[in-house]
Amino acid sequence: MDATPVTVTITGAGGQIGYALLFRIAAGDMLGPDQPVRLRLLEIPQGVRAAEGAALELQDCAFALLQDVEVTDDPAVAFAGANRVLLVGSRPRAAGMERADLLAANAGIFAPQGAAIAQHAAADVRVLTVGNPANTNAMVAAAAAAGVPAERFSALTRLDHDRAVGQLSAALQVTPTTLQAVIIWGNHSSTQFPDVSHATVAGRPVFDALAEQLGGTDAAASWLDDVFIPRVARRGAEIIEVRGSSSVASAANAAISHVRDEALGTHSGWTSAALVSRGEYGVPEGLVCSFPVTSDGSGYRVVEGLELDDRARARLAASVAELAAERDAVRELGAI
Ligand code: NAX
């Protein structure tokens with residue numbers, strides 16, 4: 001194998017999602033079966049031992065594609081020469097913590113990390129933010145990464161996208177691959193808008209298939225409004241309630257799919273990702289908002305020109321208003 005290795009940096013690598021990510025990346029699930037990788041695992045001092053333990057297990061897997069692993073609590077070391085960065089580590093919401101405190105704590109992590117990426121990463125670096133509040137953390141990191149183009153930063157809404165596809169495939173009793181053009185708009189939060197108005201199943205509008213399955217267009221419309229949208233938007237809470245802990249393997253799977261499709265292309269389909277808005281669909285420039293996206297292997301681009309009816313516009317506007325409020329809060333802190 002003589003391909004040049006890709007350096008992948010994962011922050012919070014000693015945590016739950018980190019543990020679910022590392023082995024799949026080393027196995028070639030993210031960048032392809034012929035692409036050697038170097039892993040750089042960044043942790044805070046109290047997380048270093050857990051990341052070191054994962055590094056020992058990676059060695060025990062003897063992965064053909066894994067060239068080396070380095071564990072550190074120094075961002076300058078972790079981001080040195082990084083081609084791909086997954087920002088997973090973040091400050092969770094503690095009991096009694098206000099939203100403003102959560103945004104402040106995370107701005108204190110993501111702004112210095114954005115600056116360190118600009119200073120130390122490879123010229124072609126691309127950065128996916130997973131740690132919550134993911135959209136605003138990505139915006140803070142992008143703003144702090146002087147000289148790195150904003151389109152290199154994204155935030156994960158692929159889990160929401162895949163949750164939507166999972167719900168539809170169960171309702172329609174079809175395999176997920178028959179579904180196309182599902183969209184998540186907005187924030188990775190309960191205000192997100194899972195939209196099926198352009199979606200097809202085996203080439204036919206999803207709405208028509210739902211109406212047939214559920215006994216009419218009224219039943220299809222109420223299932224979408226009363227079951228599908230709230231269930232997808234609150235699926236994270238449902239997982240916590242049932243499993244007793246937040247989504248881990250599904251989140252890692254979504255992060256891997258996000259980077260894989262960005263790097264290797266979405267081919268004829270599209271997916272959802274949160275990108276730095278350039279004003280598409282009226283979303284204020286600079287907000288990190290989930291859109292329908294495609295990639296030809298050189299980075300995600302927003303699918304433009306889709307028609308949104310008044311109800312869809314109102315749902316998107318509500319989520320964008322939340323993103324704008326988060327931006328205003330971090331701006332007040334001086335983080336952007
Ligand atoms: P864990 O608490 O298991 O792991 C987080 C790790 O990050 C810890 O090991 C911690 O030591 C480390 N860390 C904290 N601050 C750090 C810093 N400044 N630098 C480096 N490492 C740091 O959480 P986990 O379950 O792995 O979840 C990670 C993040 O993903 C959370 O913010 C979570 O809310 C978010 N999620 C995002 C999802 C999405 O779709 N965007 C879905 C899943 C998940 O909820």
Side-chain angles (χ1 to χ4, degrees), residues 9-22 40-55 71-79 82 85-94 97 99 102-117 127-141 144 153-164 166 184 186-190 192 194 232-241 243-259 271-274 288-290 323:
T9 303
I10 298 134
T11 72
Q16 296 293 323
I17 293 175
Y19 192 72
L21 271 172
L22 296 172
R40 298 287 175 264
L41 316 187
L42 180 66
E43 261 294 347
I44 48 177
Q46 51 274 45
V48 162
R49 288 293 282 170
E52 283 174 348
V71 180
T72 179
D73 61 4
D74 180 353
V77 173
F79 295 126
V85 175
L86 286 86
L87 298 176
V88 181
S90 72
R91 178 76 192 278
R93 187 187 284 255
M97 203 177 192
R99 202 172 63 111
L102 183 74
L103 288 165
N106 280 295
I109 293 173
F110 286 81
Q113 288 186 349
I117 288 167
V127 183
L128 166 63
T129 297
V130 176
N132 281 321
N135 299 51
T136 296
N137 289 341
M139 182 184 65
V140 168
F153 286 81
S154 57
L156 188 71
T157 52
R158 180 63 176 264
L159 179 56
D160 308 294
H161 180 99
D162 289 347
R163 285 167 171 167
I184 303 294
N187 201 0
H188 169 67
S189 76
S190 58
Q192 67 179 257
V232 172
R234 300 205 182 92
R235 184 68 158 184
E238 184 183 347
I239 299 292
I240 291 173
E241 199 183 302
R243 205 174 92 83
S245 149
S246 59
S247 306
V248 174
S250 56
N253 182 65
I256 282 173
S257 299
H258 173 114
V259 176
T271 183
S272 303
V288 174
C289 180
S290 187
L323 286 170

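Values below: every heavy atom of this structure, side chains too, minus hydrogens, waters and symmetry copies. Counting convention: from 1, in listed order, for ligands and their atoms alike.
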Closest non-hydrogen atom pair between Ser290 and Thr157, with its separation: OG-OG1, 2.7 Å
Between Asn187 and Gln192, is any side-chain donor less than 3.5 angstrom from a side-chain acceptor? no
Look only at the side chain of Thr9 and the backbone of Ala82, and say whether a donor-acceptor pair between them is shorter than 3.5 Å. no
Is there a donor-acceptor contact under 3.5 Å from the side chain of Glu43 to the main chain of Ala51? no
Leu102: side-chain contact (heavy atoms from CB on, under 4.5 Å) partners, not counting sequence neighbours: Arg93, Met97, Asn106, Pro133
Could you walk me through whether Ser247 and Arg235 pass side chain to side chain donor-acceptor pair (under 3.5 Å), step by step? CA-CA 9 Å; Ser247 306; Arg235 184 68 158 184; over 6 Å; no
Inventory of protein N or O atoms under 3.5 Å from ligand 1 N or O:
unit_1: ligand 1; atom_1: 3 (O); unit_2: Gln16; atom_2: N; d: 2.9
unit_1: ligand 1; atom_1: 9 (O); unit_2: Gly15; atom_2: N; d: 3.4
unit_1: ligand 1; atom_1: 9 (O); unit_2: Glu43; atom_2: OE2; d: 2.6
unit_1: ligand 1; atom_1: 11 (O); unit_2: Glu43; atom_2: OE1; d: 2.7
unit_1: ligand 1; atom_1: 19 (N); unit_2: Gln113; atom_2: NE2; d: 3.3
unit_1: ligand 1; atom_1: 21 (N); unit_2: Gly12; atom_2: N; d: 3.3
unit_1: ligand 1; atom_1: 26 (O); unit_2: Gln16; atom_2: N; d: 3.3
unit_1: ligand 1; atom_1: 26 (O); unit_2: Ile17; atom_2: N; d: 2.8
unit_1: ligand 1; atom_1: 32 (O); unit_2: Ser90; atom_2: OG; d: 2.5
unit_1: ligand 1; atom_1: 32 (O); unit_2: Asn132; atom_2: N; d: 3.0
unit_1: ligand 1; atom_1: 34 (O); unit_2: Asn132; atom_2: ND2; d: 2.8
unit_1: ligand 1; atom_1: 36 (N); unit_2: Asn132; atom_2: ND2; d: 3.4
unit_1: ligand 1; atom_1: 40 (O); unit_2: His188; atom_2: NE2; d: 3.3
unit_1: ligand 1; atom_1: 41 (N); unit_2: Val130; atom_2: O; d: 3.3
unit_1: ligand 1; atom_1: 41 (N); unit_2: Leu156; atom_2: O; d: 3.4

